[in-house]
Amino acid sequence: MTMGKIIFYEDRNFQGRSYETSSDCSDMSSYLSRCHSCKVESGCFMVYDCNNYMGNQYFVRRGEYSDYQRMGMSDCIKSCRMIPMHKGQFRMRIHEKENFGGQMHELMDDCDNMTDRYHMNECQSCNVMDGHWLMYEQPQYKGKMMYLRPGEYKSFRDMGMSGQRFMSMKRIMDSCY
């Protein structure tokens with residue numbers, strides 16, 4: 001399995017102290033007083049503007065990110081999660097209501113517009129059976145995003161996503177790495 005590697009820097013344009021990791025980090029303040037840029041040398045990561053994988057989330061892959069504010073982040077990076085590469089099929093059940101209520105649809109591929117494809121206006125819970133996914137608040141994979149790995153998600157509201165709607169979903173494929 002390919003391990004990811006990311007280097008965080010205190011200041012914009014890869015300046016200041018740095019911290020390198022290949023795993024999850026729930027609190028960057030243990031290593032850096034602030035974090036305003038990063039380089040992803042391999043793999044894919046989600047970066048968050050709050051500790052413990054909360055707040056706004058951003059998907060980063062191999063490349064250089066010289067200024068988080070240009071990515072739309074309100075603050076600096078406070079935590080990160082390494083996304084393991086998944087081989088095999090992708091499967092997720094989306095539900096209209098919390099606690100797996102209302103309409104249910106099973107996805108095995110990307111969905112660029114949930115309303116057009118499934119005639120659902122909301123998705124408030126899901127069960128990821130296989131693979132790693134990104135959910136987006138707008139159609140065509142735009143707007144705020146949320147990373148989902150295999151597991152049950154009974155309520156997006158309880159995950160700090162209150163008032164947020166998800167309208168498109170994308171698999172994190174090999175081509176992302």
Side-chain angles (χ1 to χ4, degrees), residues 1-4 6 23-28 40 43-62 65 68 71-75 77-177:
M1 179 160 99
T2 307
M3 289 299 292
I6 188 168
S23 60
D24 296 354
C25 178
S26 64
D27 184 2
M28 299 285 289
V40 179
C44 297
F45 292 82
M46 288 306 288
V47 294
Y48 303 80
D49 61 7
C50 292
N51 292 338
N52 299 313
Y53 321 113
M54 300 296 282
N56 293 311
Q57 307 180 23
Y58 300 88
F59 176 73
V60 292
R61 58 181 162 190
R62 188 182 187 100
Y65 302 86
Y68 288 135
M71 292 169 58
M73 287 196 116
S74 56
D75 198 4
I77 296 300
K78 303 260 175 83
S79 56
C80 79
R81 187 164 259 159
M82 198 272 293
I83 302 172
M85 188 182 292
H86 174 75
K87 300 274 191 198
Q89 72 173 358
F90 287 76
R91 236 166 30 114
M92 172 170 61
R93 287 193 182 121
I94 58 172
H95 297 265
E96 184 179 29
K97 307 276 184 217
E98 293 184 340
N99 296 311
F100 314 116
Q103 282 189 64
M104 183 279 290
H105 295 280
E106 187 166 305
L107 283 78
M108 295 182 80
D109 57 1
D110 299 348
C111 174
D112 65 355
N113 191 321
M114 186 180 70
T115 305
D116 289 354
R117 187 161 166 189
Y118 298 116
H119 306 289
M120 278 174 63
N121 291 324
E122 294 201 281
C123 173
Q124 295 190 9
S125 60
C126 73
N127 183 0
V128 177
M129 285 89 78
D130 296 299
H132 297 259
W133 297 74
L134 291 174
M135 294 185 82
Y136 295 83
E137 76 177 333
Q138 297 169 20
Q140 307 301 323
Y141 319 114
K142 295 190 184 340
K144 290 185 177 177
M145 61 179 75
M146 180 171 63
Y147 166 56
L148 298 172
R149 52 192 182 176
E152 292 187 345
Y153 300 88
K154 293 181 180 186
S155 169
F156 296 149
R157 186 173 42 87
D158 291 349
M159 295 169 59
M161 299 291 170
S162 181
Q164 194 160 330
R165 297 173 62 187
F166 293 100
M167 302 304 291
S168 54
M169 301 85 183
K170 184 176 253 187
R171 298 163 295 166
I172 301 175
M173 308 279 288
D174 293 354
S175 58
C176 294
Y177 290 82

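Relative orientation of the H132 and Y147 rings is parallel, given thresholds of 30° and 60° on the angle between their planes. Using bins of under 30°, 30° to 60° and over 60° for the plane-to-plane angle, the ring pair F156/Y153 lands in the tilted bin.
Interatomic distance, CE of M129 versus CD of E152, reported as 10.0 Å (0.5 Å rounding). Of the inter-residue distances, the one linking Q57 atom CD with K144 atom NZ reads 10.5 Å to the nearest 0.5 angstrom. In this structure, I77 CD1 and Y68 OH are separated by 4.5 Å, a value rounded to the nearest 0.5 Å. Distance check, rounded to the nearest 0.5 Å: CE of M167 to CD of E122 gives 8.5 Å. Atom CG of residue L134 and atom CE of residue M169 lie 11.5 Å apart, to the nearest 0.5 angstrom. Here I172 contributes atom CD1 and H86 contributes atom NE2; the two are 11.0 Å apart, rounded to the nearest 0.5 Å.
Contact annotation: the side chain of Y48 never approaches that of K78 to less than 4.5 Å [non-hydrogen atoms, C-beta and beyond]. Side-chain contact check for V47 versus Y65: every heavy-atom pair is 4.5 Å or farther apart. With contacts defined as side-chain heavy-atom distances shorter than 4.5 Å, the pair M46/M145 qualifies. Side-chain contact check for R61 versus C44: some heavy-atom pair is nearer than 4.5 Å. For the pair R149 and I83, the minimum side-chain heavy-atom distance is 4.5 Å or more. Proximity of N99 to K97: side-chain heavy atoms (C-beta onward) are nowhere separated by under 4.5 Å. Counting heavy atoms from C-beta on, the side chains of D109 and F90 never come closer than 4.5 Å. Contact check for C126 versus W133: no side-chain heavy atoms found under the 4.5 Å cut-off.
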>> Between I94 and F166, does the side-chain contact (heavy atoms from CB on, under 4.5 Å) criterion hold? Intermediate values first, please.
In response: CA-CA 10 Å; I94 58 172; F166 293 100; over 6 Å; no
> Yes or no on side-chain contact (heavy atoms from CB on, under 4.5 Å) for N52 and D27, after CA distance, side-chain angles and deciding distance?
Replying inline: CA-CA 6 Å; N52 299 313; D27 184 2; 5.7 Å; no
> Run the side-chain contact (heavy atoms from CB on, under 4.5 Å) check on Y118 and L107 step by step: do they pass?
Replying inline: CA-CA 10 Å; Y118 298 116; L107 283 78; 3.5 Å; yes
> Does the pair R91 and M108 meet the rule for a side-chain contact (heavy atoms from CB on, under 4.5 Å), with working shown?
Replying inline: CA-CA 5 Å; R91 236 166 30 114; M108 295 182 80; 3.8 Å; yes
>> The test is salt bridge (charged side-chain N to carboxylate O under 4.0 Å, His left out); show your working for D110 and K170 and say whether it passes.
In response: CA-CA 5 Å; D110 299 348; K170 184 176 253 187; 5.1 Å; no
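Annotation for D112 and S168: closest pair O-CB, 3.5 Å, computed over non-hydrogen atoms. The heavy-atom pair separating E106 from M104 by the smallest distance is N-SD, 4.0 Å. Across every non-hydrogen atom of P84 and M82, the tightest pair is CD-O, 3.4 Å. Minimum interatomic distance between C50 and S79 (heavy atoms only, all atoms of both residues): O-OG, 2.7 Å. Here the shortest heavy-atom pairing between C80 and S23 reads SG-O, 4.0 Å. The two residues I6 and V40 come nearest to each other via the heavy atoms CD1-CG2, 3.8 Å.
Judged by distance alone, the side chain of D49 and the main-chain N or O of N56 form a donor-acceptor pair under 3.5 Å. Looking only at distances, no side-chain donor or acceptor of E137 sits under 3.5 Å from a matching main-chain atom of G143. Under a 3.5 Å cut-off, the side chain of S125 and the backbone N or O of S155 do not form any donor-acceptor pair.
Of the candidates M120, M114, R93, H105 forms a side-chain contact (heavy atoms from CB on, under 4.5 Å) with just one, namely M120.
Using a 4.0 Å cut-off between charged nitrogen and carboxylate oxygen, R81 and D24 count as a salt-bridge pair.
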